Amino acid sequence: MTYIAKPRLRHPKLPTNALGYTHRDYEGAVSTLCAGCGHDSISAAIIQACFELSLAPHRIAKLSGIGCSSKTPTYFLGKSHGFNSVHGRMPSVLTGANLANRDLIYLGISGDGDSASIGLGQFAHCLRRAVDMVYIVENNGVYGLTKGQFSATADKGSKARRGAVNTDSPIDLVALALQLGASFVGRSFSGDKAQLVPLIKAAIEHRGAAFIDVISPCVAFNNNPESTKSFDYVRAHNEAVNRLDMILERDEITADYAPGTVETVVQHDGSVLRLRKLAVDYDPYDRISALTHLQQRHALGEVVTGLLFVEPDSGDMHDLLDTVDAPLNGLGEAELCPGPAALAKFNASRR
Amino acid sequence: MTYIAKPRLRHPKLPTNALGYTHRDYEGAVSTLCAGCGHDSISAAIIQACFELSLAPHRIAKLSGIGCSSKTPTYFLGKSHGFNSVHGRMPSVLTGANLANRDLIYLGISGDGDSASIGLGQFAHCLRRAVDMVYIVENNGVYGLTKGQFSATADKGSKARRGAVNTDSPIDLVALALQLGASFVGRSFSGDKAQLVPLIKAAIEHRGAAFIDVISPCVAFNNNPESTKSFDYVRAHNEAVNRLDMILERDEITADYAPGTVETVVQHDGSVLRLRKLAVDYDPYDRISALTHLQQRHALGEVVTGLLFVEPDSGDMHDLLDTVDAPLNGLGEAELCPGPAALAKFNASRR
Amino acid sequence: MPQPIAATNDFVVKFANVNGSGSASANALFAKSILRMGIPASSRNIFPSNIQGLPTWFEVRISDKGHLGRRGGVDMMVAMNPQTWDEDIAEIEPGGYLFYDATKPLPPSKFRDDITIIGAPLTAISNREYNDARQRQLFKNIIYLGALSALLDMDAAAIEQLIGEQFRGKDTLIKPNLRALNLGRDWALGEQECPIGLRLERADQVGQRISINGNDAAALGCVYGGATVAAWYPITPSSSLAEAFATHCRRYRIDPETKKKRYAIVQAEDELASIGMVVGAAWNGARAFTATSGPGISLMQEFIGLAYFAEIPAVIFDVQRGSPSTGMPTRTQQADILSCAHASHGDTKHVLLFPEDPHEAFAFAAEAFDLADRLQTPVFVMLDLDIGMNDWLVEPLAWDEDRQFDRGKVMTAEELEAGVEFGRYLDVDGDGITYRTLPGTHPTRGAFFTRGTTKDRYARYSEEGPDYVDNMQRLLHKFATAKRLVPAPVKRTAREATRFGAIYFGSTAPAMTEALEALEERGIHLDTIRVRAYPFHDDVLDFVAAHDRIFLVEQNRDAQLRSLLINDGDIDPARLVPILHYDGTPITARFIVKAIGDMLDVVTLAPLRKALP
Amino acid sequence: MPQPIAATNDFVVKFANVNGSGSASANALFAKSILRMGIPASSRNIFPSNIQGLPTWFEVRISDKGHLGRRGGVDMMVAMNPQTWDEDIAEIEPGGYLFYDATKPLPPSKFRDDITIIGAPLTAISNREYNDARQRQLFKNIIYLGALSALLDMDAAAIEQLIGEQFRGKDTLIKPNLRALNLGRDWALGEQECPIGLRLERADQVGQRISINGNDAAALGCVYGGATVAAWYPITPSSSLAEAFATHCRRYRIDPETKKKRYAIVQAEDELASIGMVVGAAWNGARAFTATSGPGISLMQEFIGLAYFAEIPAVIFDVQRGSPSTGMPTRTQQADILSCAHASHGDTKHVLLFPEDPHEAFAFAAEAFDLADRLQTPVFVMLDLDIGMNDWLVEPLAWDEDRQFDRGKVMTAEELEAGVEFGRYLDVDGDGITYRTLPGTHPTRGAFFTRGTTKDRYARYSEEGPDYVDNMQRLLHKFATAKRLVPAPVKRTAREATRFGAIYFGSTAPAMTEALEALEERGIHLDTIRVRAYPFHDDVLDFVAAHDRIFLVEQNRDAQLRSLLINDGDIDPARLVPILHYDGTPITARFIVKAIGDMLDVVTLAPLRKALP
Ligand SMILES: Cc1ncc(C[n+]2csc(CCOP(=O)(O)OP(=O)(O)O)c2C)c(N)n1
Ligand SMILES: Cc1ncc(C[n+]2csc(CCOP(=O)(O)OP(=O)(O)O)c2C)c(N)n1
Ligand code: SF4
Ligand code: SF4
Ligand SMILES: [Mg+2]
Ligand SMILES: [Mg+2]
């Protein structure tokens, strides 16, 4: 960590976004993670994405489980409410929060241990429910906070400090998310901000369950070059299927691309995603082929990244439950309590 | 249920198997399930399979969670120890039992609620660990024992008695098992004993994590024709990719097939599987293509059944952990306790 | 043979059936028509953990005195289940009556000679009249109902009216049912002398009371209490609470214009998820609840600890069943008290409410949401299978016209804007309860980070001992405040002054009331106090102080409420005599009378009497 | 300025460092070399829930009297962390010493004038001598160790020898470390007058004792106790127990011929799975355990209830930490007692063991497996962070040559073959403990079905009240039997007869022993009994009966052990005075002396004295 707390006074010339907020308005407390931890880069990307999208910080709720990754919500969006819940159970807490107020933006931050080990069940079921959220796993293949044991995404055969060898086959959260019905699935790398920031922005704009698996090396316990979660490995094997540009309605579209090299995705809120194809044959609208591609490349040791699948017009949990448009936490006696007259009728029906 | 308890006296002419056991020696208590419940047919298939394989009943341990399906171990293999554990946690109990004694055969019996809802995490992780077992899910897409609520395999949009509508996307346990590394994956139908019995026999002979998803209609709560878990639907949409013949080493191979129509699989114990191909293009050794085929057909509303994937020479958890050949529960002081001399040395090292 | 029992409007009829044979609705009709005749009655289902084919019983207590707890013993047995014939016959009181299906003859050895035996050829009649197997099965039940109506001199009109109501809509079903009913009546009137010694006489003792089960009532209480989020996982005997909530919401919570839902119900993947959703929703300002039973309580422990320490409202209905472990899933008990009161690891104390019947289940359900918001902590409503799943005859449900929700201390955008100091864990009012803000309230003020780790008064992460102790002490103080807010206990003073008292709670109430009368007849006088909540109101401690010996009646093995009382009240255990009933059946007046009576006989009452003025 | 403290072999040195700065090994060297000098010492790590960059402390208690609990107060502070400078300086006793890195000057306002200040240019020296940043950081620690060795007059040879041992194998590292050490020594000898008032003098008071932490010792106890299956999920402070088990097994449990493992360790996906695996393995006849802490205990509740009701052995190590919820993960407490003793819903009672130190942690760990097999129930070994993660100076571990495992009542194939009657829940011996069979034992006999539902004595499913009550009563009887089998309490009689007693347990022991001496000096005499297990041995109840007032010392907020004692012993709470320390730091003798002393001063000792002979 850095000991120097950032000066809090606002510099007059700091650039502001559409809402007049500066980048600093999206920052949080000073990180207490290890110097060089991948997670800190992801926090920076989240801050950047929210700033660029001109979101009102207090309209965002950030929830997490337990772990170094789950600590990070303290280090970004200091003006947003946060909830550091219990290990592996963030998805249910976020689902409940979303049920109570459909109008906020929900960021779910988790780790590979938090989501793939103890939390696998909740991870799966919240995706099945189409909860409108951005679910980010900061994936380092290890338990950082408890000092280096294997997580369920750890490579088979990898060795822990104390000599233990991992014998379980690893879980690919992206493949699971695709199978379980997530309507937005991406993978990125904490070291690739250019790819990560637009991906997070697109996920936020997406309505429904958006999942992003971000490889985020743990410099303290799992950054040896053999580890598929190390900086070196990912840099060497990163296979981006596409490059994403988020274009908000309001922005005019400037960049122009060679024909056939670009996909244009219009999201429910009118925002436009431009996908510059890198793998020509890759189709981000086809769940099954996406899954197949992913697994074939994975078998070759490649780390497939980018926006892997999107279903732009998918509904969310509230659409499925058909709840009223107003947030449930805002309804009062008038809307909720049938009152004495109705009760008298009810009593009569039970005589 | 039938009120007439079976007469227990042994008929002299009852056919016996290689070990001299009769079919009756593999039966259990009288079922208390609903008349016509698919689960009872699965119990019958298990009894048949164990009889035909000439297994010593007491060398089998049957474990389950909670549910109508999980009750069935009381209704078969009455001479085997059984453990009706807690809801959704059979996999961990079975894993522990297997760690203690690698020499028994382990049958894990579960339901779709037990394994896909509350138990999804344990389902996934025990497959990742290559526990040597036969894991059968008696899949009816509903919670039978608690009277008809949706399970995680229930069809999206299906209606429950009390008017609730299922809004979550269903889980395909076979697809998950393939992804999570199960080394034997099959699907069958409680109504198709001819397919189910050999499948169970092959799974028992297989070393490693064998999973079989058996569609098993709930006549009380989920047998309406629209339900993909109903007798009518499965009969109409059953797409078997192959037909399996289990040939034990000792049996001489008689049947002969037209060339190219048969796969021969030699298992670690020398037993031979013969797969009569029904879907010519189908390759049961290729995890990825199996998964793809499965999902494509599923999208068409078909229920793909048969031996979907097998990795004949895969090791099991004990191979991975490199434990001694003798069952751990049989080791005594001599093998386990280092004794006073070693302790004196240890003490010295801490001064 | 002893005199056949002769009783009017005061006896017990028990039906022995096979699960899934369709007897339930016929039996319910029997009970309901008695109420329609103006006679107080209660009914209890004793059913197996199975769907079809196993034994199930339906016990109807008819009591003009209005004693509606389980009495014990059976005056008339309707034995329709060959599997349980012997035990059923054995349960009949000497001089009682046996009604059975005499279609196929049974050897005399199968009967008793000290009871009156009435054999009706039910199957024969039904097979004669119907061809379809299912119909034969179903109408057989209505036929015996008809026969009973004649034998007990019931008001046929009442039954017919009920049948009419039941099949309103599917009118084609009314006639055949009426016909079946009369088949039974005609047989009885023709072949038997009617009425028998047990008879029902129209009365006017039911009044405004309604017949309802506790899960249904509690669910309605959630609607009235303003619950908008329900997350649950099916488990007997709590499932019907969540399902009833859905039914009530469809009726009372649909937006008239948009037809959209003013509620959200999620059937979660398990209990860890359901309580997690409740915690998330409550954190975010919705009134949220879950309903479960023992095993669910065990699985929710970690989250309950988080809600206690992070101070998040949550309402949990624990419909208690036979335990431990899977235990007796279809039997009743009051045995989750400790696991709820001290839920989760570490030092915790939780608020528990103990409704005595469906009427209070409704009231306490609504109340629980106010308490949870006010105290910002989990609140448990401790039901049990007896209250939850059986129809009780109770006072009509009541709701005060101008009652408002108490949302507790939630700081508003206006207050924040005005610069009111906000410290999430800052005790500004000295009652141990601090202000919270809801996410999204104010652009720049009032945001805080919620966590299960130690924090200071401003919700900042802290590993400092003093911060921790300060916070834990405040939580104790808050719990003391709760004493004053939870439902006060109900006291009853004996006719004669006495040094003896009794404490009871929950579903024990009706049996206790009946027992007190019986004891009084034996000259045993007890003051009583019915505990309605934990933490204990001071009145409970005063009551203990005011008596030499107090009987504490519970439906568990380890006297769980007693242990809470001894500790929180620093009471000498010697003064609290446990009376424990825990075989899974509802406690009876007979049991209480015997248990307390025997003990007091030992204590020889004479000297005590002297001691009194 | 007060007299600088002068003390030999009896003072407290505290190191304030930054987490991850490599200070740990230098500090450990400091503590270890004191032991090598034959002087009793104990050290405690106070660390954050974080990996790098946050404050961490290392407190070394040196006591020729052998008082190795935390004393409270600091005689010399080695202040290496600017973040915590102020609080560190404040903690120094008047007349104490401050040692710090004087490389960059600090304003006088930063210091105190009632302490001796020793500033060493550590960074300057280190930067002068080394270029590589990491080296500069690491060797700085060895440099201050060197300086301290001179200031405190330590035996340099002892340190050098330890360095030699530590880097055996990587010999190239020995020289540079020795060099750094001497850089520090030379600076001190040259620039400061050595020794200061605090000094260390070679002694012979350590004897055969060893230095070990409780998790390491308990893990070895599991090896000696015959555990073959370990299933765990990482959680501070219990992870190192499972990891130590792996290390010990690699050393003691490899088959000499095949080189294969005579053990299986599975890092499960969570605590529900780890306890599930333990239950499965124990059901199948292996000795199995898991290690966890509070949150894990909460998650294991359902399975623990199953193990209680189905009667399956299971050994659970609960290394307690600050709670509730995530609480203070790196602090110590004794606050899981209730959640373990009554784990799971329904009526349950579980066996708990309370080791006082790593020595007993080893003994009780092995013992736990015998108890679990004998009693066929879960057995909890209640450690805490203080015992588990700190190095204690304790008597050498001991193992009796011809000790055999007690596998309890397991019916063999021979017995079954011989036709011995087998009823899984049939109490043939009248001790409440029944025979079990292991899967695969006999081809046709002894198979049974294990379940969490009610069953009869022959393990057949039952929903009958009498079967249930019979079984639950037997479980109570079994628990009574457990009283006689668990480790007996340890009594100590005061020098003078007294009406006062004290009860304590676990890691409170060393502080308590020290406190008793201090109280005695104040003329306050207390008989004591150290509880070592739950259920409570009769001696504990006799002890309570024999004293008017008993102080019960616990490290939790709600006096949890007291509540168990009051209930199980039917004891008047008024006689048990809670002494509670629960801020997350280990309890100190000073705290106990003050708490008990103050109260007894109130009670005015005079009249009591009279009462004595
Ligand atoms: C119920 C429970 N079990 C165990 C722990 C201990 N624990 C804290 S964080 C963690 C793992 C975190 O791993 P991951 O989610 O990958 O986060 P990372 O630190 O690697 O970013 C564990 C096991 C806990 N806090 N709660
Ligand atoms: C912890 C816990 N929660 C809930 C229950 C109630 N319960 C018993 S069986 C069951 C569902 C069973 O469904 P499934 O596994 O599909 O079995 P089926 O009855 O359909 O064969 C539930 C929710 C329980 N026994 N334990
Ligand atoms: S331990 Fe690993 S994950 Fe945790 S902060 Fe350090 S580098 Fe990041
Ligand atoms: S309820 Fe359904 S699953 Fe259960 S026994 Fe009946 S048919 Fe089978
Ligand atoms: Mg991780
Ligand atoms: Mg099912």
Side-chain angles (χ1 to χ4, degrees), chain B residues 1-5 30-37 39-40 64-68 70-71 74 84-89 112-123 140 142-154 160-168 171 218-222, chain C residues 18-21 47-55 81-85 133-134 137 216 219 230 232-251 261 264-274 292-296 298-299 324-327 329-330 389:
Chain B
M1 66 179 276
T2 54
Y3 296 121
I4 333 89
V30 179
S31 169
T32 62
L33 302 184
C34 301
C37 174
H39 299 351
D40 280 335
S64 64
I66 302 283
C68 295
S70 295
K71 279 180 171 189
T74 320
N84 195 179
S85 65
V86 287
H87 191 31
R89 318 299 176 190
D112 44 309
D114 200 56
S115 282
S117 299
I118 189 172
L120 189 62
Q122 293 211 345
F123 166 80
N140 55 17
V142 74
Y143 292 169
L145 191 55
T146 51
K147 300 186 182 264
Q149 302 87 358
F150 308 116
S151 79
T153 68
R161 270 187 320 161
R162 288 185 185 66
V165 177
N166 180 32
T167 57
D168 305 338
I171 286 179
C218 169
V219 296
F221 301 111
N222 195 28
Chain C
V18 173
N19 199 12
S21 65
F47 57 100
S49 175
N50 143 291
I51 303 306
Q52 183 204 89
L54 289 190
N81 184 355
Q83 297 168 270
T84 57
W85 178 271
R134 186 76 188 136
Q137 174 54 50
D216 195 8
W232 66 295
Y233 188 70
I235 182 166
T236 308
S238 72
S239 304
S240 58
L241 197 163
E243 287 164 341
F245 181 69
T247 309
H248 294 313
C249 283
R250 278 193 291 274
R251 174 152 174 212
K261 298 176 175 155
I265 302 174
V266 174
Q267 184 191 306
E269 62 270 28
D270 65 12
E271 288 86 351
L272 285 91
S274 54
T292 188
S293 190
S298 284
L299 288 174
S325 195
T326 307
T330 59
M389 291 188 72

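Everything numeric in this text was worked out from a predicted model, so none of it was measured. The basis for the numbers below is simple: all heavy atoms, side chains too, and nothing from hydrogens, waters or symmetry mates.
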Student: Tell me, please, which residues at least two apart from Ala242(C) pass side chain to side chain contact (heavy atoms under 4.5 Å, CB included).
Tutor: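 For Ala242(C), the residues satisfying side chain to side chain contact (heavy atoms under 4.5 Å, CB included) (neighbours in sequence not counted) are Trp232(C).
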Student: Does any heavy atom of chain B fall under 4.5 Å from the side chain of Leu299(C), the backbone, both, or neither of them?
Tutor: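 For Leu299(C), the contact with chain B is made by the side chain alone.
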Student: Ile66(B) versus chain C, heavy atoms under 4.5 Å apart: side chain, backbone, both or neither?
Tutor: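 Contact with chain C involves the side chain of Ile66(B) alone.
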Student: Are the side chains of Gln267(C) and Asn166(B) in contact, using a 4.5 Å heavy-atom criterion?
Tutor: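 Asn166(B) does not reach Gln267(C) side chain to side chain.
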Student: Using side-chain heavy atoms (C-beta onward) and a distance below 4.5 Å, is Thr326(C) in contact with His87(B)?
Tutor: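 Side-chain contact under 4.5 Å: no.
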Student: Specify which of Asp270(C), Leu272(C), Ile51(C) makes the most heavy-atom pairs with chain B at under 4.5 Å.
Tutor: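 Of the candidates given, the most pairs with chain B belong to Ile51(C).
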Student: Side chain from CB out, backbone as N, CA, C, O: work out which of these in Ala220(B) comes under 4.5 Å of a heavy atom of chain C, or both, or neither.
Tutor: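 Ala220(B) touches chain C through side-chain heavy atoms alone.
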Student: Listed by chain and number, what are the side chain to side chain donor-acceptor pair (under 3.5 Å) partners of Thr330(C), not counting sequence neighbours?
Tutor: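 Here no residue qualifies.
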Student: With a 4.5 angstrom heavy-atom cut-off, which part of Phe221(B) approaches chain C: side chain, backbone, both or neither?
Tutor: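 It is the side chain, since no backbone atom gets that close.
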Student: Heavy atoms only, distances under 4.5 angstrom: which of Ser49(C), Pro329(C), Ser325(C) has the most pairs with chain B? Name it, please.
Tutor: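 Counting heavy-atom pairs under 4.5 Å, the top option is Ser49(C).
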Student: Write down the atom of Ala244(C), the atom of Asp216(C), and the distance for their closest heavy-atom approach.
Tutor: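 Heavy atoms of Ala244(C) and Asp216(C) come nearest at CB-OD1, 3.8 Å.
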